[in-house]
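Scope of the values below: all heavy atoms of this structure, side chains included, with no hydrogens, waters or symmetry mates.
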Amino acid sequence: MGAVASATGAMPAVSAMAQTINVPGVGDFDVPVDSSFTQQVKAVNQALADHADLIKDHADQIKSAQKALAPQSLQQPNIPGLTAALPGANENHGPQNIALTAAKSKIGSDYVWGASGPQNFDCSGLVQWAYKQAGVSLPRTSFEQSHVGKPVAFQDLQPGDLVIQEGGGHVAMYAGDGKILQAPQSGETVSYAHLDPNSIVTARRVA
């Protein structure tokens with residue numbers, strides 16, 4: 001035996017036998033026992049079959065309870081300090097993402113200087129309106145918005161962050177993937193644009 005294992009580099013297979021137990025309303029289960037337990041397995045299967053109706057009733061009750069509880073089991077525990085620590089717990093639900101989603105809904109709206117929605121916008125008017133939809137109050141002008149929240153480095157930008165350009169005279173929202181969403185200038189509409197890192201005066205995270 002040792003010579004064979006050494007020569008082949010593999011351990012010899014261990015044979016195993018299994019007996020099947022049928023639980024009515026649940027399914028078949030293979031139990032790793034050898035043929036010497038065949039009679040016992042038959043007796044168990046017969047006893048289960050004799051009480052099939054009772055077992056099925058209990059199985060149905062268990063399945064119904066599991067189905068009823070399933071939505072609750074998917075909810076995150078409401079424990080202070082824990083929810084925020086769970087990966088992705090607040091993903092797509094924070095003010096930044098809500099505001100960005102609101103701004104996306106206005107793609108194609110005309111730029112109108114001094115307008116702050118809901119049909120037309122200038123740059124800071126779009127940002128102010130979008131964050132208002134997220135329950136966050138921002139000042140009106142791009143210069144004032146350049147001082148809200150906290151500063152963010154270019155490499156740390158997240159969707160919804162404010163991007164201040166043109167010496168503080170223009171503000172856009174970072175949209176991810178190196179793009180911004182903005183109300184550009186007269187004659188144009190709310191749209192995406194490539195973000196030039198060299199154009200950034202400051203970037204701000206509102207929340």
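Here the closest heavy-atom approach between residue Val190 and residue Ala103 is recorded as CG1-O, 4.3 Å. Residue Ser142 comes nearest to Gly168 through the heavy atom pair OG-O, 2.8 Å, listed as atom of the first residue, atom of the second, then distance. When every heavy atom of Gly178 is checked against every heavy atom of His194, the shortest pair comes out as O-ND1, 3.6 Å. Nearest heavy-atom pair across Pro184 and His170 is O-CE1, 3.8 Å. Between Ser105 and Trp129, the shortest heavy-atom contact is OG-CH2, 4.1 Å.
A distance of 10.0 Å separates OG of Ser186 from CG of Asp110, quoted to the nearest 0.5 Å. From Met173, atom CE reaches atom CG of Leu162 across 6.5 Å, with rounding to the nearest 0.5 Å. The distance from the OH atom of Tyr192 to the NZ atom of Lys104 is 4.5 Å, given to the nearest 0.5 Å. Distance check: Leu195 CG to Tyr174 OH gives 7.0 Å after rounding to the nearest 0.5 Å. Considering OH of Tyr111 and SG of Cys123, their distance stands at 5.5 Å, rounded to 0.5 Å. Here the CD1-CD distance, from Ile200 to Glu166, works out to 12.5 Å after rounding to the nearest 0.5 Å.
Under 3.5 Å, the side chains of Glu144 and Thr141 contain a donor-acceptor pair of N or O atoms. Checking Arg140 against Ser124 by side-chain atom types alone, a donor-acceptor pair falls below 3.5 Å.
Although no hydrogens or angles enter the test, the distance criterion places a donor-acceptor pair under 3.5 Å between the side chain of Lys106 and the main chain of Pro118. At distances below 3.5 Å, not a single donor-acceptor pair connects side-chain atoms of Glu188 with backbone N or O atoms of Gln185. With Asp122 contributing its side chain and Gly114 its backbone, the two residues share a donor-acceptor pair below 3.5 Å. At least one donor-acceptor pair closer than 3.5 Å links the side chain of Gln128 to the backbone N or O of Leu138.
Remark: Gln158 pairs with Gln96, Asp161, Arg205 by the side-chain contact (heavy atoms from CB on, under 4.5 Å) rule, at least two apart or across chains.
Under the 4.5 Å side-chain criterion, counting only non-hydrogen atoms from C-beta, Leu181 is in contact with Leu100. Looking at heavy atoms from C-beta onward, Ser109 lies out of side-chain contact with Gln119 at the 4.5 angstrom threshold.
Screening residues 143-162 for ring pair (Phe, Tyr, Trp, His ring centres under 6.0 Å) gives Phe143-His147 as the qualifying pairs, with residues at least two apart or on separate chains.
The number of heavy-atom neighbours closer than 6.0 Å to CG of Asp177, taken from other residues, nucleotides and ligands shown, is 12 or below.
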